[in-house]
There are 2 protein chains.
Amino acid sequence: MDVKTEPNVCDKWAETLRVYHNTSCELENELQSRHSLGLSEFEVLLELCGQCHGGDGKAKMKDLEARMYLSQSALSRTVTRLEKAGLVTRAACDNDRRANFLMLTPAGQERLDEARPTHKSVLIKHFA
Amino acid sequence: MDVKTEPNVCDKWAETLRVYHNTSCELENELQSRHSLGLSEFEVLLELCGQCHGGDGKAKMKDLEARMYLSQSALSRTVTRLEKAGLVTRAACDNDRRANFLMLTPAGQERLDEARPTHKSVLIKHFA
DNA sequence: TGAAGTTACATGCCCGTGCATTCAATGTCA
DNA sequence: TGACATTGAATGCACGGGCATGTAACTTCA
């Protein structure tokens, strides 16, 4: 707790807050207006597609939950919304009938592919 | 839009998301459980005290709004909560009777002083 | 095997937020 | 001065989130 570090933490937090707020608001607006996707919905699709985790378009709810900043209930409802929109399907797991497998539908994959450039361009705008 | 920068923006965003989420959750929890203050309530008190802006414990709503990441309506309600808790008072402004002056009450100053170390220690934990 | 604990998920409830609207107080301009 | 635009703030409304709970489906252990 060096005295010199103390004023810095406030500045760092302020900067994090600023970047987070600006970026997430713009992501939310762009994804919603152009692709009818909320940010967390997009993130579920992205995580489900799982390019970053070697996934194959399937995942268990618990695995998703562990990778995302969403509570179990919020994730459950987000998936429900995606399912109603036809972008995702829930399938029972054979081994454990409590667990849900989630799968990207073709429509889901398509929507994700459409939205990805929007997402990336916002990130580039704010981070490049 | 150098190709080499593109993968980096995702990582930067993921990192921002991680830090923001962890820090804000812990701030929220600690401030709430120890001082009965939500994070945005604390931030209003802090901004009102205005050490960082040369304030004197007073501010107009519009000025606060401009400095914070809250919509006008959210700020209005946050101030209402603080007022009900006796930590802040609204006073009409003489020059412009639409505008509100906000003032920290002694209780508000005291609560803020109590909460500040909690706030700072969380920030140090996450940023130092 | 059966009772008690644990896990995965859905759902009821409440809360904080943003958007759109409203209302009163100001400002502007002919 | 009077009509119209603008501004500061409060509020109705809907939505997404977290916490607590319910309920099935496992698991453990004697």
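Throughout, a chain's letter reflects where its sequence line sits, starting with A, and its residues are numbered from 1. Please read these numbers as outputs of a predicted model, since none were measured by experiment. No hydrogens, no waters, no symmetry mates; every other heavy atom, side chains included, goes into these values.
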Salt bridge present between A:Glu114 and A:Arg34 (N-O < 4.0 angstrom): no
Would you indicate what A:Asn29 reaches in the nucleic acid, counting non-hydrogen atoms under 4.0 angstrom: base, sugar-phosphate, or nothing? nothing
When the distance from CZ of A:Arg97 to P of C:dT7 is rounded to whole Å, what number comes out? 20 Å
Is there, by distance only and without an angle test, a donor paired with an acceptor across the side chain of A:Ser71 and the base of D:dC19 below 3.5 Å? no
Identify whether any heavy atom of A:Ser40 sits under 4.0 Å from a base atom; if not, whether one sits that close to sugar-phosphate; answer base, sugar-phosphate or nothing. sugar-phosphate
From D:dC26, C:dT26, D:dA10, nucleotide with atom closest to B:Gln72 side chain: D:dA10
Nucleotide nearest A:Arg81 when distance is taken to its side chain, options D:dC26, D:dT6, D:dG16: D:dG16
Sidechain N-carboxylate O distance under 4.0 Å for B:Glu65, B:Lys62: yes
Is there a path of hydrophobic side-chain contacts, each under 4.5 Å between heavy atoms of I, L, V, M, F, W or Y residues, that connects A:Leu112 with A:Phe101? no
5′-ward residue of the pair A:Asp94/A:Ala74 relative to DNA chain D: A:Ala74
B:Tyr69 OH to C:dG16 P: how many Å, rounded? 22 Å
Nucleotide nearest B:Ser76 when distance is taken to its side chain, options D:dT11, D:dG8, C:dC9: D:dT11
Electrostatic pair A:Lys12:A:Glu15 at N-O distance under 4.0 angstrom: no
Measure the distance from CD on A:Gln32 to P on C:dC19 and round it to the nearest whole Å. 12 Å
Mind checking whether A:Tyr20 and B:Trp13 have parallel, tilted or perpendicular rings, split at 30° and 60°? parallel
Whole-Å distance between C:dT17 C1' and A:His21 NE2? 10 Å
Of A:Arg77 and A:Asn100, whose nearest nucleotide on DNA chain C comes first from the 5' end? A:Asn100
Round to a whole Å and report the spacing from NZ of A:Lys62 to C1' of D:dA25. 14 Å
Which listed nucleotide (D:dG17, C:dT7, C:dC19) is nearest to the side chain of A:Leu70? D:dG17
Here the distance between atom C1' of D:dT23 and atom CG of A:Asp96, to the nearest Å, is 14 Å
So, does A:Ser73 get its side chain near the phosphate of C:dG12, meaning an N or O under 4.0 Å from OP1 or OP2? no
Separation of A:Asp63 atom CG from C:dA8 atom C1', in whole Å? 12 Å
Rounded to whole angstroms, how far apart are CG on B:Asn95 and P on C:dA24? 22 Å
Which nucleotide, D:dC26, C:dA10, D:dG18, lies nearest any side-chain atom of A:Arg98? D:dC26
If only side-chain N and O atoms of A:Thr80 are considered, is one of them under 4.0 Å from the OP1 or OP2 phosphate oxygen of C:dC9? no
